[in-house]
Asker: 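Sharing a structure, written as structure tokens. Questions coming.
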Amino acid sequence: MIRSDLDDLVFLTKKAKYSALIEEILALREKSVPILVGTVSVDSSEQVSELLKEKNISHQILNAKHHEKEAEIIANAGKPGMVTIATNMAGRGTDIQLGGNNEKNELKEKIKKSGGLYIIGTERHESRRVDNQLRGRSGRQGDPGSSKFFLSLEDDLMRIFGSEKLDSVLQRLGLEENESIQHPWIS
């Protein structure tokens with residue numbers, strides 16, 4: 001397994017988190033990296049979709065609303081620069097093939113060289129198992145891949161688990177709204 005699980009990025013606000021997430025997607029698309037954005041709900045996936053539309057970033061949504069299109073969406077998710085938004089539970093049990101489901105090995109090799117499928121989590125789930133399942137969508141069968149979670153102190157799970165204490169520490173450190181903190185202890 002050669003997937004690189006990067007430390008979480010924690011922002012003060014959801015607005016800053018989503019702004020950084022969109023910038024990350026733009027940078028990855030320039031490198032032709034396929035991206036899977038994992039969300040915790042259908043509402044959250046639609047919110048990310050609206051932000052991508054504002055920036056004219058083409059994307060596809062994989063959630064419980066489009067059962068008939070699920071196979072086609074997954075078949076396209078591994079193509080260069082493709083952005084796919086999925087609720088954490090959507091499309092499980094199906095591998096996302098680098099390069100898409102076709103016979104073009106040169107496309108697969110191009111994506112391998114660009115780092116493979118990149119997973120972006122928009123929140124942590126109550127169950128670490130679900131987060132691990134999201135990460136596990138990348139780096140399958142010896143392919144390269146990466147994963148990173150973008151969090152904010154305004155996320156439901158962060159508020160439940162003491163974001164007030166972390167918020168006061170970050171305020172004392174002088175963290176600006178658009179800056180993030182990244183450390184293995186936080187992840």
Side-chain angles (χ1 to χ4, degrees), residues 2-11 13-63 65-66 69-88 90-91 94-123 131 133-152 178-180 182:
I2 56 174
R3 182 183 69 238
S4 176
D5 293 329
L6 305 169
D7 290 333
D8 298 353
L9 293 179
V10 181
F11 296 85
T13 65
K14 283 186 179 183
K15 181 181 175 187
K17 171 182 79 170
Y18 284 121
S19 177
L21 183 140
I22 298 301
E23 292 302 314
E24 181 96 348
I25 289 171
L26 286 168
L28 291 167
R29 286 189 74 224
E30 285 183 20
K31 299 175 187 173
S32 297
V33 175
I35 305 156
L36 178 67
V37 180
T39 64
V40 296
S41 68
V42 172
D43 289 342
S44 180
S45 66
E46 290 175 353
Q47 181 181 8
V48 172
S49 176
E50 288 302 315
L51 294 170
L52 292 172
K53 285 177 188 173
E54 287 174 15
K55 296 286 187 177
N56 294 319
I57 300 171
S58 63
H59 60 282
Q60 53 186 7
I61 300 177
L62 180 63
N63 62 30
K65 290 184 169 186
H66 306 289
K69 292 184 176 180
E70 193 167 289
E72 179 185 342
I73 291 169
I74 291 170
N76 291 323
K79 290 184 176 177
M82 179 59 74
V83 178
T84 305
I85 304 168
T87 55
N88 288 342
T94 309
D95 279 346
I96 295 173
Q97 301 292 322
L98 297 184
N101 290 355
N102 61 37
E103 301 299 319
K104 297 181 180 176
N105 286 331
E106 69 274 359
L107 202 54
K108 183 175 182 171
E109 292 306 313
K110 177 183 178 185
I111 292 171
K112 280 184 172 184
K113 288 179 183 169
S114 71
L117 181 65
Y118 197 100
I119 304 292
I120 296 177
T122 61
E123 289 183 49
D131 290 340
Q133 285 174 335
L134 175 61
R135 280 191 153 143
R137 302 296 302 265
S138 179
R140 314 259 304 191
Q141 301 172 358
D143 288 339
S146 300
S147 70
K148 183 189 292 187
F149 281 80
F150 285 70
L151 311 175
S152 97
N178 290 332
E179 294 178 317
S180 66
Q182 180 177 358

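Small disclaimer: the values here were computed from a predicted structure and weren't measured.
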Asker: Can you find a pair of side-chain heavy atoms, one from Leu28 and one from Val83, that are under 4.5 Å apart?
Answerer: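 Leu28 vs Val83: side chains apart.
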Asker: Nearest 0.5 Å, what's the CG-CD1 distance between Asp131 and Ile119?
Answerer: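 Interatomic distance, Asp131 CG to Ile119 CD1, rounded to 0.5 Å: 12.0 Å.
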Asker: Do you know the tightest heavy-atom contact between Arg3 and Gly139?
Answerer: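 Closest approach of Arg3 to Gly139, heavy atoms only: CB-CA, 4.1 Å.
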Asker: If I take atom NZ from residue Lys14 and atom OG from residue Ser19, how far apart are they, to the nearest 0.5 angstrom?
Answerer: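 Going from the NZ atom of Lys14 to the OG atom of Ser19 covers 15.5 Å.
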Asker: Taking the side chain as every heavy atom from C-beta outward, state whether Phe150 and Val37 have any atom pair closer than 4.5 Å.
Answerer: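 No; the side chains remain at least 4.5 Å from each other.
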Asker: What are the two closest non-hydrogen atoms of Leu36 and Ala86, and how far apart are they?
Answerer: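 Minimum heavy-atom contact is CD1-CB, 3.9 Å.
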Asker: Do you know which two heavy atoms are closest between Ile61 and Ser45, and how far apart they sit?
Answerer: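 Heavy atoms only, the tightest pair is CG2-OG, 4.2 Å.
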Asker: Taking all non-hydrogen atoms of both residues, which atom of Gly145 and which atom of Ser138 are closest, and how far apart?
Answerer: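 Closest heavy-atom pair between Gly145 and Ser138: CA-OG, 3.1 Å.
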Asker: Quick check: closest heavy atoms across Leu21 and Ile120, and the distance to 0.1 Å?
Answerer: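 Closest approach of Leu21 to Ile120, heavy atoms only: CD1-CG2, 3.7 Å.
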Asker: For Gly81, does its backbone N or O pair with a side-chain atom of Ser32 as donor and acceptor, under 3.5 Å?
Answerer: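 No; judged by distance alone, with no hydrogens or angles, the pair does not exist.
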Asker: Are side-chain heavy atoms of Ser147 and Asp5 found at a separation under 4.5 Å?
Answerer: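 Result yes, sub-4.5 Å side-chain heavy-atom pair found.
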Asker: Minimum heavy-atom separation for Ile2 and Asp143, please, with both atom names.
Answerer: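 Shortest heavy-atom separation between Ile2 and Asp143 comes out as CG1-O, 3.5 Å.
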Asker: Working to the nearest 0.5 angstrom, can you tell me the gap between Ile73 CD1 and Leu62 CG?
Answerer: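 If we round to the nearest 0.5 Å, Ile73:CD1 and Leu62:CG are 5.5 Å apart.
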Asker: In the structure I gave you, are the side-chain heavy atoms of Ile35 and His59 within less than 4.5 Å of one another anywhere?
Answerer: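 They are not in contact (no side-chain heavy atoms under 4.5 Å apart), so the answer is no.
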Asker: So, taking the atom named NZ in Lys31 and the one named CD1 in Ile111, what distance separates them when rounded to the nearest 0.5 Å?
Answerer: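 Going from NZ on Lys31 over to CD1 on Ile111, the span is 14.5 Å.
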Asker: Can you find a pair of side-chain heavy atoms, one from Ile25 and one from Arg29, that are under 4.5 Å apart?
Answerer: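 Yes. Closest side-chain heavy atoms under 4.5 Å.
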Asker: Contact between Thr84 and Ile96 at the side-chain level, heavy atoms closer than 4.5 Å - yes or no?
Answerer: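 In short, these two side chains do not touch, never coming nearer than 4.5 Å.
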Asker: To the nearest 0.5 angstrom, please state how far the CG atom of Leu9 sits from the NZ atom of Lys17.
Answerer: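 If I round to the nearest 0.5 Å, the distance is 11.5 Å.
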Asker: Could you measure the distance from the NZ atom of Lys53 to the OG atom of Ser58? Nearest 0.5 Å is fine.
Answerer: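 So the NZ of Lys53 and the OG of Ser58 are separated by 12.0 Å.
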